[in-house]
2 protein chains.
Amino acid sequence: MGILVDMKLVRIYQCLCDRTRLRILNLLMHGPLCVCHIQEILREPQVKVSKHLRYLRARGLVEVGKSGHWRIYHLPARRSSELDANLRCLQDCALEDAEFRADVAKLGKLRNKIKDGAPLCPPRSFLTRNPALCGC
Amino acid sequence: MGILVDMKLVRIYQCLCDRTRLRILNLLMHGPLCVCHIQEILREPQVKVSKHLRYLRARGLVEVGKSGHWRIYHLPARRSSELDANLRCLQDCALEDAEFRADVAKLGKLRNKIKDGAPLCPPRSFLTRNPALCGC
DNA sequence: GACCAATATACCCATTGAGGAATATACAAC
DNA sequence: GTTGTATATTCCTCAATGGGTATATTGGTC
């Protein structure tokens, strides 16, 4: 868990100081995603992704919705000014990093495949019920 | 030390995820400072300040100049776009934190005392020779 | 019920990092 | 040289973190 006595800002930076977590946040800035899509794009083992998501969630940088098997992670709708400022800063910085750009490109391809009828996860029913959460 | 295989951005966030280091950077954004002034403002033990400065220096977030006993720390003049963006973001966020504001206020008082003739460290000779580094 | 897929958790190990106490270094004044 | 001041480093302990393997949980389908 962690003691979480630090101030908001420190907790935010703690979340940002791992490469995998940055990649995850970079993806989520383009919309909600289920764990399996994050895994697929990052090409990282399931445990690793899951644990980083847990870390981010414990510190309020992401939130989850569930639909059957699937957990849909998304950035919180209401954010502290600190979090908002840092996410925007990260978004700018991400433009200069090749891996971040590649991740976003993969995300785009994934969405196109889905539009073309590829098997979908989570099920379309959930996404139409929760359009705000639909990133696919 | 550290292996430093991480990307620039991660290294920056690693520096930012400690409260003491944030306080130091917040001060240095207002101009160069010698270690003893940082100590005095933060009211933290010398070892602690010194080690955090070393950490920051090893990762390129601060640089040092020396003058006799004194080491004058300052932000690097030339910064990567990532560092620059994050320092500006930090500056914005710092406005909302009471301790950060208090630190800056103490810094102001310290400078006033110096103007009024209080004992100066580092010596004025160094500062006039290096006006760009003079924060006092 | 059995079985499978998506995700989370437990446990272990190695590394990092923060903090303190004591000591060392570097430089100035004498 | 000695002494004193400013700063850095070494050694220690402890907590947090990242990654992996194995296992558990949860919610479907049959």
Side-chain angles (χ1 to χ4, degrees), chain A residues 1-6 10-11 13-24 32-59 61-73 119-126 136, chain B residues 1-6 10-11 13-24 32-59 61-73 119-126 136:
Chain A
M1 301 297 127
I3 312 189
L4 295 195
V5 287
D6 291 310
V10 171
R11 257 178 287 158
Y13 287 131
Q14 283 172 342
C15 289
L16 299 181
C17 70
D18 176 274
R19 184 187 190 77
T20 305
R21 288 196 291 267
L22 284 184
R23 293 177 71 193
I24 292 174
L33 279 173
C34 61
V35 180
C36 56
H37 283 164
I38 298 177
Q39 273 178 239
E40 185 176 342
I41 295 172
L42 301 192
R43 295 200 158 282
E44 294 281 2
Q46 183 257 325
V47 211
K48 190 170 170 180
V49 172
S50 182
K51 284 201 288 191
H52 282 299
L53 284 168
R54 171 198 174 97
Y55 188 104
L56 291 170
R57 190 154 62 101
R59 287 160 183 77
L61 283 249
V62 305
E63 295 173 351
V64 226
K66 54 166 69 177
S67 160
H69 289 314
W70 299 274
R71 304 277 171 128
I72 319 292
Y73 282 83
L120 190 63
C121 102
R124 207 174 293 270
S125 60
F126 171 81
C136 309
Chain B
M1 314 292 129
I3 314 190
L4 296 194
V5 288
D6 291 311
V10 171
R11 258 179 286 158
Y13 287 130
Q14 282 172 342
C15 288
L16 300 181
C17 70
D18 176 273
R19 184 186 189 77
T20 305
R21 288 196 290 267
L22 285 184
R23 293 177 71 195
I24 292 174
L33 279 173
C34 61
V35 180
C36 55
H37 283 163
I38 298 176
Q39 275 177 240
E40 185 176 341
I41 296 172
L42 302 192
R43 296 201 160 279
E44 293 282 3
Q46 183 257 323
V47 209
K48 190 169 170 180
V49 172
S50 183
K51 284 202 287 192
H52 281 299
L53 285 169
R54 172 198 173 98
Y55 188 104
L56 290 169
R57 191 153 62 101
R59 286 160 183 77
L61 283 250
V62 304
E63 295 173 351
V64 226
K66 54 166 69 178
S67 158
H69 288 315
W70 298 276
R71 305 275 170 128
I72 320 291
Y73 282 82
L120 190 63
C121 105
R124 207 175 293 271
S125 60
F126 172 80
C136 307

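Lettering follows sequence order; numbering is per chain, from 1.
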| query | Within the modelled atom types, does a donor on one side and an acceptor on the other bring the side chain of B/K51 and the base of C/dG17 under 3.5 Å apart? | reply | no
| field | Closest contact, heavy atoms only, B/C15 versus B/L56 | value | CB-CD2, 3.7 Å
| said: For a quick check of understanding: with a heavy-atom distance under 4.0 Å over all strands, which category does B/R57 fall into, base, sugar-phosphate or nothing? | reply: nothing
| query | How many Å lie between NE2 on A/H69 and P on C/dC3, as a whole number? | reply | 16 Å
| remark: Closest to the side chain of A/Q39, out of D/dT10, D/dT17, C/dT7, is C/dT7
| query | Looking at C/dG20, C/dG17, C/dA8, which one has an atom nearest to any side-chain atom of B/Q14? | reply | C/dG17
| request: Write down the distance between CG (B/L53) and C1' (D/dA6), rounded to a whole number of angstrom. | output: 13 Å
| said: Given B/Q39, which partner from the list B/V35, B/I41, B/L42 fulfils the side-chain contact (heavy atoms from CB on, under 4.5 Å) test? | reply: B/V35
| Whole Å only: how far is the CD atom of A/E44 from the P atom of C/dT7? | 16 Å
| request: Could I get the full list of side chain to side chain donor-acceptor pair (under 3.5 Å) partners for B/R21, not counting sequence neighbours? | output: B/H52
| Under the 3.5 Å rule, do the base of C/dA6 and the side chain of A/Q46 count as making a donor-acceptor pair? | no
| Whole-Å distance separating the CZ atom of B/R54 from the C1' atom of C/dA18 | 14 Å
| task | Using atom types as modelled and distance alone, determine if a side-chain donor or acceptor of A/R23 lies under 3.5 Å from a backbone N or O of A/R19. | result | no
| query | Nearest of C/dG17, D/dT17, D/dG19 to any side-chain atom of B/Y55? | reply | C/dG17
| Closest to side chain of A/V47, choosing from C/dG19, C/dA10, C/dT7 | C/dA10
| request: Look at B/H52 and C/dG17 and indicate whether a side-chain polar atom (N or O) is within less than 4.0 Å of OP1 or OP2. | output: no
| remark: From CZ of A/R23 across to P of D/dG19 the rounded distance in Å is 11 Å
| query | Would you say A/R21 reaches D/dG18's phosphate, i.e. side-chain N/O to OP1/OP2 under 4.0 Å? | reply | yes
| said: With a cut-off of less than 4.0 Å, is there a side-chain N or O of A/Y73 near OP1 or OP2 of C/dA6? | reply: no
| said: In this structure, how many angstroms lie between the P atom of C/dG17 and the OH atom of A/Y13, rounded? | reply: 18 Å
| query | For DNA chain D, whose closest nucleotide is more 5', that of B/R71 or that of A/K48? | reply | B/R71
| All side chain to side chain donor-acceptor pair (under 3.5 Å) counterparts of B/Q46, not counting sequence neighbours | none
| B/R71 NZ/CZ over B/Y73 ring centroid, <6.0 Å and within 45° of normal | no
| query | Which nucleotide in the list C/dC27, D/dT7, D/dG19 gets nearest to the side chain of B/K66? | reply | C/dC27
| task | Verify the contact: side-chain N or O of A/R59 to OP1 or OP2 of D/dT17, cut-off strictly under 4.0 Å; return yes or no. | result | yes
| query | Could you give the CH2-to-C1' distance, from B/W70 to D/dG4, as a whole number of Å? | reply | 12 Å
| task | Nearest whole angstrom, please: distance from the P of D/dA6 to the CD1 of B/I38. | result | 14 Å
| said: Within the 4.0 Å heavy-atom criterion, would you say B/V35 contacts the bases, only the backbone, or no part of the nucleic acid? | reply: sugar-phosphate
